[in-house]
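Data block below; observations after.
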Amino acid sequence: MEILFSGICHSDVHVGQNDFGNTQFPLVPGHEILGRVREIGDKVTKFKVGDLVGVGCFVDSCRNCKECENSNENYCMNTLTNTYNGPKLHGGVAGNQEGKTWGGYSASHTVHEHYCHQIPEGLPIEKVAPILCAGITMYEPLRLWGATKGEKMVIGIAGIGGLGTMGIKIAKALGHEVVAISQSMKKEKLAKEKGADHYVASTDPESVKACPAKCHIILNTVSVDHDINTYLPILRNGGTIIQLGLCNKALNVSPLVLMSQNKRIAGCLIGGVKSTEEVLKLCAEHQIWPDCEMVTADKIDWVW
């Protein structure tokens, strides 16, 4: 595939700074990729030359374990191969099978058809790529916690940035009441423009108290160290905070609060191939996509 667009994700910065301690340099980041097929192997059936194709956060998995067989390749029990800085383990990555993968900050890519996504008509191609990370990151926990089945819920979105604004759009497209949550009131106008019904400044007790709706789930996108306890009063009994932001510091929360109010903290990581294609279809149907600023490759340092 010829790469036309690559999103710049905050996790690119995490890996580039070796925040997780596993970065192999040199490094070519980029796991939000949109391109056009230029050549196919003789066993390819999913695509033809000229098709638009998307590649997300992973490009290989074992496809034999229980998770892979259930379309949860993102949780492959035999080690997922990330689109970049990932080990070539399962034979589905082009080139020398020794070494690591390279990502979308590049001109072209060769990927097994199973890990490529068909792009629905109606999406602006310059804004599709971040759906393959930001979009699926917000859609998958909604799917797993029952918010894609038609029953109206109250969904909290903590952190009103690239992930958070996309989460507001997706939750509204699914018919839910949305509570936007940020530390201060600075992003109230932005959040409501994106579709939020309510806004809470989590560090202001009066703002928390004034919120008219308690959340069934809160999608926590905050990627810097923060106090998760400020979100608990916005969560209804039996509700779940789902961790999506890659903050480095361990969470500090009282087990007694969780136990006495039947509240839970869980985690979720992107989504499988099937789920990713579901969110692409949803975005096309409802004409929603991430807010993007277009730059050329020489601006990457500035973006970081």
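Numbering starts at 1 and runs along the sequence shown.
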Could you list the donor-acceptor pairs under 3.5 angstrom formed by side chains in residues 142-159, with sequence neighbours left out?
from   : atom 1 : to     : atom 2 : distance (Å)
Arg143 : NE     : Glu140 : OE1    : 3.0
Arg143 : NE     : Ser275 : OG     : 3.0
Arg143 : NH2    : Glu140 : OE2    : 2.8

Please list, chain by chain and in numerical order, all residues satisfying salt bridge (charged side-chain N to carboxylate O under 4.0 Å, His left out) with Lys127, sequence neighbours excluded. none
So does Asn252 have more than 12 non-hydrogen atoms from other groups sitting under 6.0 Å from CG? no
Using atom types as modelled and distance alone, determine if a side-chain donor or acceptor of Asn220 lies under 3.5 Å from a backbone N or O of Val222. yes
I'd like to check Leu246 versus Ser11 (side-chain heavy atoms, cut-off strictly below 4.5 Å). Are they in contact? yes
Lys209: which residues meet the side-chain hydrogen bond (donor to acceptor under 3.5 Å, both in side chains) condition with it, sequence neighbours left out? none
State, yes or no, whether a side-chain contact exists between Pro290 and Ile131 at a heavy-atom distance under 4.5 Å. yes
Please assess Asp291 against Lys194 for the test salt bridge (Lys or Arg N to Asp or Glu O under 4.0 Å), listing each intermediate value before the final yes or no. CA-CA 10 Å; Asp291 298 304; Lys194 302 307 172 187; 3.2 Å; yes
Does Ser254 have any side-chain contact (heavy atoms from CB on, under 4.5 Å) partners at least two apart in sequence or in another chain, and if so, which? Leu256, Val257
Taking it one step at a time, do Asp60 and Thr81 satisfy side-chain hydrogen bond (donor to acceptor under 3.5 Å, both in side chains)? CA-CA 5 Å; Asp60 205 8; Thr81 297; 4.6 Å; no
Ile8 with Trp302, same ILVMFWY side-chain cluster at under 4.5 Å: yes
Has Asn262 got a side-chain atom pairing as donor or acceptor with Gly239's backbone, closer than 3.5 angstrom? no
Side-chain donor or acceptor of Arg264 paired with backbone N/O of Gly238 under 3.5 Å: yes
From OH (Tyr199) to OG (Ser207), nearest 0.5 Å: 8.0 Å
Minimum heavy-atom separation for Cys211 and Val179, please, with both atom names. SG-CG1, 4.0 Å
Among side-chain atoms of His90 and Asn78, is any donor-acceptor pair under 3.5 angstrom? no
Examine Ile125 and Leu123 and state if one hydrophobic cluster contains both, with Ile, Leu, Val, Met, Phe, Trp and Tyr joined whenever side-chain heavy atoms are less than 4.5 Å apart. yes
Separation between OG1 (Thr203) and CD (Gln183), nearest 0.5 Å, reads 6.0 Å
Do Ile160 and Ile168 touch side chain to side chain, with heavy atoms closer than 4.5 Å? yes
Tell me which one of Tyr84, Trp102, Phe58, Tyr105 satisfies ring-ring contact (aromatic ring centres under 6.0 Å, His included) with His31. Tyr84
Look at Lys249 together with Asp227 and state whether they make a salt bridge at an N to O cut-off of under 4.0 Å. no
Verdict with reasoning, His198 to Glu177, per side-chain hydrogen bond (donor to acceptor under 3.5 Å, both in side chains): CA-CA 8 Å; His198 314 291; Glu177 186 175 359; 2.6 Å; yes
Val49 vs Arg38, side-chain contact (heavy atoms from CB on, under 4.5 Å): CA-CA, chis, key distance, verdict: CA-CA 5 Å; Val49 172; Arg38 292 305 183 196; 5.6 Å; no
Taking atom NZ of Lys214 as the centre, does the number of heavy atoms from other residues, nucleotides or ligands within less than 6.0 Å exceed 12? yes
Distance in Å, Ile181 CD1 paired with Ile218 CD1, rounded so as to fall on 0.5 Å steps: 4.0 Å
Close side-chain approach of Cys215 to Tyr231, heavy-atom, < 4.5 Å: no
Measure from the side-chain N and O atoms of Asp51 to the backbone N and O of Lys48, and report whether any donor-acceptor pair falls under 3.5 Å. yes
CE/Met259: more than 12 non-hydrogen atoms of other groups inside 6.0 Å: no
Sub-4.5 Å side-chain heavy-atom contact between Val53 and Gln118: no
Check whether any side-chain heavy atom of Val28 sits under 4.5 Å from a side-chain heavy atom of Pro26, and report yes or no. no
Any side-chain heavy-atom pair from Ile3 and Ser106 closer than 4.5 angstrom? yes
Side-chain (Asn85) to main-chain (Gln24) donor-acceptor, under 3.5 angstrom: yes
Val128 side chain near Trp289 side chain, heavy-atom distance below 4.5 Å: no
Is it the case that atom CD in Glu188 sees more than 12 heavy atoms from other parts of the structure closer than 6.0 Å? yes
Determine whether a donor-acceptor pair (N or O, by modelled atom type, separation under 3.5 Å) exists between the side chain of Lys88 and the backbone of Ala94. yes
For Glu277 and Lys46, what are the C-alpha separation, side-chain angles and deciding distance, and is it a salt bridge (Lys or Arg N to Asp or Glu O under 4.0 Å)? CA-CA 13 Å; Glu277 294 183 347; Lys46 189 175 177 181; 3.2 Å; yes
Report, as yes or no, whether the 6.0 Å neighbourhood of atom NZ on Lys274 holds more than 12 heavy atoms from other residues, nucleotides or ligands. no
Quick one: side-chain hydrogen bond (donor to acceptor under 3.5 Å, both in side chains) partners of Asp204, sequence neighbours excluded? none
For the student: nearest non-hydrogen atoms of Cys268 and Ile242, plus distance: CB-CG2, 3.8 Å
Quick one: pull up CG in Leu219 and OG1 in Thr221 and give me the separation to the nearest 0.5 Å. 8.5 Å
So does Cys76 get a backbone contact from the side chain of Asn72, meaning a donor-acceptor N/O pair under 3.5 Å? no
Going by atom types only, do Glu2 and His109 share a side-chain donor-acceptor pair under 3.5 Å? no
Considering non-hydrogen atoms only, spot the tightest contact between Val279 and Ile170 and give its length. CG2-CD1, 4.0 Å
When you look at Cys133 and Cys9, which way does the side-chain contact (heavy atoms from CB on, under 4.5 Å) test go after all the steps? CA-CA 8 Å; Cys133 179; Cys9 179; 3.8 Å; yes
Dump the intermediate steps for side-chain contact (heavy atoms from CB on, under 4.5 Å) on Ile228 and Ile241, then the final yes or no. CA-CA 9 Å; Ile228 197 172; Ile241 296 176; 3.9 Å; yes
Is the side chain of Thr101 donor-acceptor paired with the backbone N or O of Gly86 at a distance under 3.5 Å, no angle test? yes
Near Met185 CE, under 6.0 Å, is it more than 12 heavy atoms from other residues, nucleotides or ligands? yes
Should Tyr115 and Ser61 be marked as a side-chain hydrogen bond (donor to acceptor under 3.5 Å, both in side chains) after you check the CA-CA gap, both sets of side-chain angles, and the distance that decides it? CA-CA 9 Å; Tyr115 303 94; Ser61 64; 2.8 Å; yes
Check whether any side-chain N or O of Ser108 sits under 3.5 Å from a backbone N or O of Met1 as a donor-acceptor pair, and report yes or no. no
Is there a donor-acceptor pair under 3.5 Å between the side chain of Asn64 and the backbone N or O of Cys62? yes
Mind checking side-chain contact (heavy atoms from CB on, under 4.5 Å) for His114 and listing every partner two or more places apart, or none if nothing turns up? Arg63, Glu73, His112, Val273
Taking only Lys NZ, Arg NE, NH1 and NH2, and the carboxylate oxygens of Asp or Glu, determine whether Lys189 and Glu193 approach each other closer than 4.0 Å. yes
